[in-house]
Amino acid sequence: MTSATTRAYAPFEPTWSRFHEFAAPLASSSGAGAAGGESSQTSHPYNRQYSHLYSARLKLLRRRCIQNAQQALKDDDNVDADADVVERIIEVKEGALSILVGTIVKEMDPKRRPPVKATYTDASAQTFLFPSEDKKAEKQEPLRSFMFDKEKGDALHLEDESGRVELTSDADGGDEANNANSLDPNKVATGVVAAVVGKVDSGTGVMHVHSIHFAGPPPVEKVSKKEGLRGASIDNEEKNDPILLLVSGLGCGSDSPTDAETGASLSLRREMLLEYLTDPQLGDGSSICRVVVAGGGITAAVDTAEDKENTKKASSNNATKTKSGKYDCTANITFSLGELDAYITEILSSGIPVDYIPGWNDPTNANWPQRPLHSCLLPKSVGFVDMFRRSTNPYESDCNGVKVLGSDGLNVADLRRFLPKNCDEVNDGNEVKVTPSSSIDALHQTLNISHMAPTGPDSLPTFPSSETDPFVMTSRPAVYFVGNCDEFEARLVCEKGETIDTAAGDGATRLVCIPSFASTGEVVLVNLKTLECDVVSFKDVCP
């Protein structure tokens with residue numbers, strides 16, 4: 001007689017309150033809810049300037065950037081003179097080797113800058129960031145990126161409260177290849193805090209940069225490890241470790257756009273995932289201690305039908321027609337939320353806690369940080385009081401003594417637009433195709449600069465904050481993820497931010513790019529003790 005297999009358990013503590021504090025305001029227009037009896041005119045966040053946010057970001061990361069720059073200069077045999085730290089850019093001396101700290105401003109020709117034209121009701125977050133010029137195109141164009149080209153009017157500046165200075169690299173082709181810290185405009189974006197080492201030309205006022213240094217990965221926060229699984233009675237020793245399941249892009253409300261071509265069914269793949277979770281005898285299902293849904297839980301709302309083809313799509317996606325002849329997207333959202341609520345309830349009923357991170361299509365505020373979904377939108381799921389958590393976007397928690405940090409992926413998608421990987425000429429040089437950096441490289445970059453959303457508020461919509469920048473990383477996460485990626489990617493980095501093969505000590509961070517379930521049918525499993533991760537694929541159509 002075999003013993004019954006029970007569910008895995010891991011201690012959990014949500015720590016996303018710091019994002020919740022700087023999310024959308026709750027005070028009404030009459031000033032109700034304002035702290036200290038202040039009126040709405042003084043308490044509303046949009047009465048502040050975004051310059052306060054950049055100042056707070058610079059203040060938090062300045063010291064770490066200077067330390068990394070000074071340490072790099074000590075190890076650099078090619079630098080003879082000592083570099084002085086200049087407190088303000090306006091005080092820099094011409095011709096003297098100096099260390100300046102400020103915010104990168106990457107100015108591009110407005111005609112070449114990636115456009116942001118779409119609205120909240122558009123098809124997806126990718127449509128918002130990378131709108132297609134052809135409105136009747138069946139498929140959304142891929143992510144676009146642009147190479148920095150000084151000859152076309154692009155310029156790179158370093159800015160603080162006192163002023164700005166233009167930057168250019170002083171490295172020749174051979175030296176630049178040997179200098180890992182050389183300035184490359186295609187590896188930075190507006191909003192990144194950095195320390196630059198170089199000299200300001202007395203004739204042009206341009207600073208010739210010898211090297212650039214970032215804040216580096218945040219310091220490791222010592223946490224008490226909580227060992228063991230409550231009630232686990234599994235024979236296989238390798239399955240005793242708690243496993244965190246990461247999924248994004250469930251797409252409740254309709255099938256995936258690619259399903260019509262392949263004959264697959266997204267709803268069937270969701271059922272396969274549900275059976276994998278609820279049946280403890282299937283694979284690692286019994287060791288899964290928690291499920292995190294990283295955005296993309298519901299499909300996009302149906303917008304106004306502009307032609308017959310769109311009208312058919314709107315009708316098939318449960319949209320209702322109003323008196324004005326337009327299609328009401330609220331019915332589609334209601335249907336999608338109902339399906340999502342029922343799906344999450346099934347997971348919770350099996351004894352697995354679920355954390356839900358809102359995304360671009362969810363009915364919450366659009367600007368980052370995004371507030372959790374209201375409890376009335378998921379009435380069945382919120383009945384599981386101690387098991388279902390409605391988190392902010394970004395997400396942060398302590399699971400089994402492991403710090404977990406992540407988002408729905410919009411921050412990394414936006415950053416990729418300004419980090420091109422290579423440039424290829426197409427059609428005899430008439431068209432230039434620029435390939436953006438991979439999602440894992442962009443995610444790794446945010447860890448090295450200690451900021452989750454460096455492009456906000458320049459291109460990523462965020463709320464202004466005068467006190468601090470909630471997206472600055474003050475302590476190092478052990479698991480750092482983003483959702484809604486094109487494919488699964490994972491990387492393990494050490495305390496210095498370098499890629500390693502195996503975790504050693506408490507300073508390693510596991511970077512995870514979660515693929516969209518609607519597009520790939522894949523979920524990611526992360527072992528919270530070893531930080532090893534694996535991908536599980538659910539396919540209902542044989543290749």
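Count residues from 1 along the sequence.
Side-chain contact between Trp16 and Arg389: present, with at least one pair of heavy atoms (C-beta onward) separated by less than 4.5 Å. Contact of the Lys199 side chain with the Ser98 side chain is not registered, since no non-hydrogen atoms from C-beta on lie closer than 4.5 Å. Counting heavy atoms from C-beta outward, Ser397 and Phe12 have side chains that approach closer than 4.5 Å.
A side-chain donor-acceptor contact under 3.5 Å links Arg390 to the backbone of Leu373. Judged purely by atom type and a 3.5 angstrom limit, Ser162 uses its side chain to pair as donor or acceptor with the backbone of Ile90. A donor-acceptor pair under 3.5 Å is formed between the side chain of Gln370 and the backbone N or O of Asn365. Without hydrogens or angle criteria, Ser437 side chain to Arg416 main chain gives no donor-acceptor distance under 3.5 Å. When atom types are taken as modelled, the side chain of Ser17 and the backbone of His20 share no donor-acceptor pair closer than 3.5 angstrom. Judged by distance alone, with hydrogens and angles left aside, the side-chain atoms of Asn411 form no donor-acceptor pair with the main-chain N or O of Ala453 at under 3.5 Å.
Residues satisfying the side chain to side chain contact (heavy atoms under 4.5 Å, CB included) test with Pro218, not counting sequence neighbours, are Arg64, Leu447, Ser450, Met473, Arg476, Pro477. Partners of Thr168 according to the side chain to side chain contact (heavy atoms under 4.5 Å, CB included) rule, which considers only residues two or more places apart in sequence or in another chain, are Lys150, Val206, His208. With sequence neighbours excluded, no residue satisfies salt bridge (Lys or Arg N to Asp or Glu O under 4.0 Å) with Asp160.
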Decide salt bridge (Lys or Arg N to Asp or Glu O under 4.0 Å) for Asp458 and Lys106; before the verdict, give the C-alpha distance in whole Å, the side-chain angles of both, and the deciding distance to 0.1 Å. CA-CA 10 Å; Asp458 178 63; Lys106 194 174 182 179; over 6 Å; no
From CA spacing to verdict: salt bridge (Lys or Arg N to Asp or Glu O under 4.0 Å), Glu161, Arg88: CA-CA 8 Å; Glu161 298 92 335; Arg88 299 193 304 167; over 6 Å; no
With salt bridge (Lys or Arg N to Asp or Glu O under 4.0 Å) as the test, would you mind laying out the steps for Arg164 and Glu107 before giving the verdict? CA-CA 12 Å; Arg164 62 165 56 175; Glu107 290 189 344; 2.8 Å; yes
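Salt bridge annotation for Arg62-Glu87: present, with a cationic side-chain nitrogen under 4.0 angstrom from a carboxylate oxygen.
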